[in-house]
Structures are given as structure tokens and as C-alpha cells.
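Below is one structure, written out as C-alpha cells, with a few remarks after it.
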Amino acid sequence: MPTPTPTSSDASARHGATEPGVIAFLGREENRLLIDGQWRQPRSGARFSVVNPASATVLASVADAGEDDVNAAVAAARGAADDGRWSHLRPADRARTLNRIADLLERDCELLAQLETLNNGMTLPTTRGLVQYAIDLFRYYAGWPTKIHGATNPNEPSLFNYTLREPMGVVGAILPWNGSIGASAMKIAPALACGNTVVVKPAEHTPLTVLKLGELLLEAGLPDGVVNIVTGSGPLAGQILSSHPDVDVIAFTGSTHVGRQIQAATAGTLKRTILELGGKTPNIIFPDADIDKAVQMATLGFTFMNGQGCALGTRIFVHAAIHDQVVEGIGRALQAMRVGNPLDPETTVGPLGFRAQYDRVNAYIADGKGAGARLAHAARRPEGDGYFVAPTLFTDVTNDMRIAREEIFGPVAALIRFEDEDDAVLQGNNSEYGLAAAVWTRDLSRAHRMARRMNAGTIWINMIASLDISCPFGGFKQSGIGSELGPDSILSYTRNKAVFIQCDS
Ligand code: NAP
Ligand code: MG
């Protein structure tokens, strides 16, 4: 596979984009950092290339933030937090700005979806869903500024005791590369609703829609310095942000491996740290389930987002009695998949996000074969230079193989047999991760039992890989600390202050 090179002709430089806003975005010579309401060059002048994973060609040039730039972004956010230019606005005015951001996202929905598809390789229906999710998040959290209350505590008449729920201050948001627009809204919308200021560090491979969101935030009238965007690398920009004494919260979504490094970096300043990490979701199919539906959704459950979703059902546990039926069913579904250019409406699975991920996933497929798992079915992979991996089902997997234990983050599933409910619970829970679990059964009692017995933050019964903005989402065990969405994000981005007033003097 060749090293990515800048595309030469105008036509190929558009990468197949049809939206005028995307063509204009890609036509820029360079992208800058958003610091204190200004688009600034990085102090060092360093830049890096962002690549279209469907063609392995360069999409855009992005600023590589260094220590000075991150410090400047944090100083801008700190200044904006301390002078109250955002937190002291009337709650209804903060709400109006959040709704305006949602309006602009709605206006530019197709532009953002196409830009995200070109950057992360996910199909247009998937990226349209991510943009819609971002819109819904800004609207949902626009409802919150007017509803964040403290409490009055019962006490003797001479003592007035109440609590104030205040913003934390400066939030550092560090994002993963799978679904930048959704992941950024998941942190920015509630952080702003609570009155915080933010410094965002997008993943180095997928910063483009976050930069576009930055433009929309300014257009919506967000005051300068309230959201700052530093594109750059994790080990440099991300690390500086995590350990910075003027950052009050780090909200991180990414791998468990990096989550541990973040936890260590934030320990020095004891800042609040929210970690949304990896998963290896067990998807358990009982013989009493609607098998056709379970098979269809199990296939989607590990290939959706090209297999790059934290909560995807990558360990498929199947009762011995229906094993062959499920394997054949998933095989047929994989054969019907179209792997290819994610802008093509016929495509169901696009490329992986970037070269290193492509190599990693292929190495896991080789590892599975070497460990004695049977490669039962794979979809067809297209020719060409993109980072395409054929969705792959391994059978005869045991729960101790690497392909069953480690997060692959590609369209690869490990199918494992189980004997009875106790065995399914034991094997399903036998993982360092605890992000989610899915169960397929028509037995109501079993459904409720399994919901309690599975050791994971989200349980799906007869469905898989679905979130709701009003419902908390967070991982158990090594899948994370804290939770996001719904009212939980409001608690995560606020602090509770107690006030006592002696009234009899
Ligand atoms: P990643 O490699 O852990 O990176 C996540 C972010 O952390 C990136 O912005 C990365 O920057 C940055 N980073 C890397 N090293 C850092 C360091 N030492 N200090 C501070 N920041 C650092 O994860 P990814 O590959 O982008 O995303 C996939 C992972 O995210 C999977 O494990 C997936 O399960 C997880 N995920 C979890 C959830 C959830 O809600 N639980 C949702 C989505 C994804 P660079 O891009 O420059 O490396
Ligand atoms: Mg990385």
C-alpha cells in the first residue's frame, strides 16, 4: 500500500465531494487552531496531513499544536471562565445560543456528513446519523441551563443552608476518531449548558468536522475563548491538556490503554476525570430468540461504523442448539455486504479510519487464524488503495483467545458457544471490559434476570448498539469511570457548593 500523497488534479482533490461547502473546505491551503475566537497558526508552524481512508490520499493540512498553543488555548478558556462572559449570561440566553448551534448544524447537516465520511470512511447514512445525534445533543442540553438547581436544606430557623450548583470551570475534551462530530457534541453541549469553557483536542486522524463545528460555534455567537480547538497529537497536545493545572475536568473518550495514561496525567493536579473507554461487548443469543432478527442484528452489531464502535457486539455467544443456524445466517448476511467507497449509496461497509488501524485489524485476523479459530465467513474486499478490511466472522473461538479478549476495533467478530444461561453469564462477564451487553430471548423472566446478571453499563434486550441522549452511558470495570448523557453529564460538568448563613445575629 503506497504512502499517502497529496492529490494533484482539481477533480481528485475533491475526493468525490459534491457539497459546495466540502469542496470549499478541502480547497483551503491549511487549517488553523481556534484560540480565543481567532483562527491562529501554530506557534511552531508545524502541520500534519489528514488522509481520506477510502483512497489513502491526503485530504487536508492541519495545524500541529505544540505546548505554547495548548497553553494559549487553556489561558483563553481560563480567562473566559473566570470573567463569566458565558457562565454569567442569563440561563435562557445560554439556551438560545445552544439552540442556534443546533440550527446551524441542521443547516449544514449534509456538508458535515460528507466531510465526516471523507475523513473517517463511514457511510453517509452513518455519518448523517452522527450529525443528527449532534443536533439532538445540542437541543437536549439547550433545555438544561434553565433547570440546573441547587437545594435548600432543612435546618433550624436561625440557619439558612443551601447549595449552589456551579460550573467546574475549564473542561478539556479529548476525542476519539470514530465519529468526531457526535463525540465532540457529547462533551461540548453539556459542558456549555453548565456554563463551562472548553478546550477540545480532536483525534489527529479525524479533526475536520470538529474544525467545521468551530466555525459554526463562532457563527452562533458563542463568546471568544469559550470553546477553543487544538488539533495535534495525543502524546503532546493531549498530554499537556491532561496535566495542565488550569484545566478543571478532563473528559476523555478513547482506548483503555490511553485512558490509563490520562488517569496518570490528571493525578498530578487531582482534576475530575471522566473516562469513556473501550469494550468487548458480549452479544448473547438464546435458542428461544427470534433467530432471524438476532442474526441480522448480530451482523449489523459488529459491522456498523465499519466495526469501529466502542460498544459493538464483537463477542457473539451462541447456544449450542442454534450454533450452525446462526453461523450460516451471519455468513449469508456478510456475503450480501458491499464493502467499498463510503460515498457510494450501495456501500454498506467503508474502510477503516487510517493505516495503522488497518494494519492492527489485519494482525488480529492473522492472530485468530494462528490461534486455531476458524475463519468461517468474510465479505468481499474491494481492490484499491483504501484501508478496506472485509467483515470477518471467526467460529470455534474460545473466550481466552486474544481475538476474544482484546478490542480489535474493526469489523471482526468472535463466535463462542455456550451451554446454558449460567455458562453464558460466566463467559460473557469474563472480560476486563464492561461497557455493554446484548441478550436475545423471548423469555421475559430470562430477559430481566440477564439484565441484572450482566456486569456492564448498558444492557440491550432484543436490540444492540443503541444509545439515547436522555439515558446515562458509561462503562463498568476497565471500560471507564463516570458516565455521560442525560442528567449525568450535568453532574459531571458542575460542582456542588454548600452555603451556611447564620440568620440570628
Ligand atoms: P485513542 O488512541 O485512545 O485516542 C483517543 C484520543 O486520545 C485521541 O485524541 C488521541 O490523540 C488522544 N491521546 C493519545 N495518547 C494520549 C496521551 N498520552 N495523552 C492524552 N491524549 C492522548 O483512541 P482512538 O483510537 O482514537 O478511539 C478508539 C477507542 O475509543 C476505542 O478503544 C473505543 O472503544 C474507544 N471509544 C469509547 C467510547 C465510549 O463511549 N466508551 C466511544 C468511542 C470510542 P491522537 O489521535 O493524536 O492519538
Ligand atoms: Mg491514537
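Numbers for residues simply follow the sequence, beginning at 1. Side chains included, hydrogens not; waters and symmetry mates left out as well; all remaining heavy atoms used.
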[X] [atom1] to [Y] [atom2] distance, which is reported to the nearest 0.5 Å:
| X | Y | atom1 | atom2 | result |
| --- | --- | --- | --- | --- |
| Arg442 | Asn462 | CZ | CG | 8.5 Å |
| Leu334 | Met337 | CG | CE | 6.0 Å |
| Glu484 | Met186 | CD | CE | 4.5 Å |
| Asp385 | Asn52 | CG | CG | 11.0 Å |
| Gln308 | Ile408 | CD | CD1 | 12.5 Å |
| Asn119 | Lys212 | CG | NZ | 14.0 Å |

Please evaluate residues Leu213 and Thr209 with respect to the criterion side-chain contact (heavy atoms from CB on, under 4.5 Å), reporting the C-alpha separation (whole Å), side-chain torsions for both, the decisive distance (0.1 Å), and the verdict. CA-CA 6 Å; Leu213 174 64; Thr209 51; over 6 Å; no
Is the shortest heavy-atom distance from the side chain of [X] to the side chain of [Y] under 4.5 Å?
| X | Y | answer |
| --- | --- | --- |
| Tyr387 | Val51 | yes |
| Asn430 | Asp400 | no |
| Val339 | Arg380 | no |
| Ile316 | Ile285 | yes |
| Leu192 | Tyr141 | no |
| Phe286 | Ile322 | no |
| Met305 | Leu130 | yes |
| Arg139 | Asn99 | yes |

Just by modelled atom types, is the [Y] backbone N or O under 3.5 Å from a matching donor or acceptor in the [X] side chain?
| X | Y | value |
| --- | --- | --- |
| Ser184 | Ile181 | yes |
| Gln335 | Arg332 | no |
| Lys280 | Leu435 | no |
| Asn178 | Gly353 | no |
| Asn283 | Arg315 | no |
| Arg381 | Phe388 | yes |
| Asp443 | Arg446 | yes |
| Asn196 | Ala191 | yes |
| His377 | Thr392 | no |
| Gln114 | Glu19 | yes |

For [X] and [Y], which heavy atoms make the closest approach, and how far apart are they?
| X | Y | result |
| --- | --- | --- |
| Leu485 | Cys471 | CB-O, 3.4 Å |
| Ala183 | Pro176 | CB-CD, 3.9 Å |
| Ala77 | Val199 | CB-CG2, 3.8 Å |
| Val361 | Val412 | CG1-CG2, 3.9 Å |
| Leu277 | Gly259 | CD2-CA, 3.8 Å |
| Asn306 | Gly121 | ND2-O, 2.8 Å |

Between Asp103 and Arg96, is there a salt bridge with N-O shorter than 4.0 Å? no
Should the pair Lys187-Glu276 be classified as a salt bridge under the 4.0 Å nitrogen-to-oxygen rule? no
Go through the side-chain N and O atoms of [X] and [Y] and say whether any donor and acceptor fall under 3.5 Å apart.
| X | Y | result |
| --- | --- | --- |
| Asp288 | Thr441 | yes |
| Thr127 | Thr117 | yes |
| Tyr433 | Glu407 | no |

Among Ile188, Ile135, Leu217, exactly one meets side-chain contact (heavy atoms from CB on, under 4.5 Å) together with Ile101. Which residue is that? Leu217
Not counting sequence neighbours, which residues clear side chain to side chain donor-acceptor pair (under 3.5 Å) with [X]? List them please.
| X | result |
| --- | --- |
| Thr206 | Ser180 |
| Lys477 | none |
| Glu166 | Arg495, Lys497 |
| Trp460 | none |

Determine whether Lys271 and Asp248 satisfy the following criterion, side-chain contact (heavy atoms from CB on, under 4.5 Å), listing intermediate values before the conclusion. CA-CA 5 Å; Lys271 55 175 64 73; Asp248 301 294; 5.8 Å; no
Tell me every residue that passes salt bridge (Lys or Arg N to Asp or Glu O under 4.0 Å) with Asp136, counting only those two or more places apart in sequence or in another chain. none
Is it the case that more than 12 heavy atoms not belonging to Arg107 sit under 6.0 Å from its CZ atom? yes
Just wondering, more than 12 heavy atoms not from Lys293 lying within 6.0 Å of its NZ? no
Does the pair Leu343 and Leu124 meet the rule for a side-chain contact (heavy atoms from CB on, under 4.5 Å), with working shown? CA-CA 6 Å; Leu343 286 177; Leu124 273 175; 4.2 Å; yes
Using 30° and 60° as the class boundaries, would you call the ring planes of Phe354 and His205 parallel, tilted or perpendicular? parallel
When the ring centroid of Tyr140 is compared with that of Tyr133, is the distance short of 6.0 Å? no
Applying salt bridge (Lys or Arg N to Asp or Glu O under 4.0 Å) as the test, list every pair that has at least one member in residues 120-130; sequence neighbours left out. Glu110-Arg128
Please report the C-alpha distance between Cys194 and Ile490 in whole Å, then the side-chain angles of each, then the deciding distance to 0.1 Å, and finally whether the side-chain contact (heavy atoms from CB on, under 4.5 Å) criterion is met. CA-CA 7 Å; Cys194 297; Ile490 301 298; 3.7 Å; yes
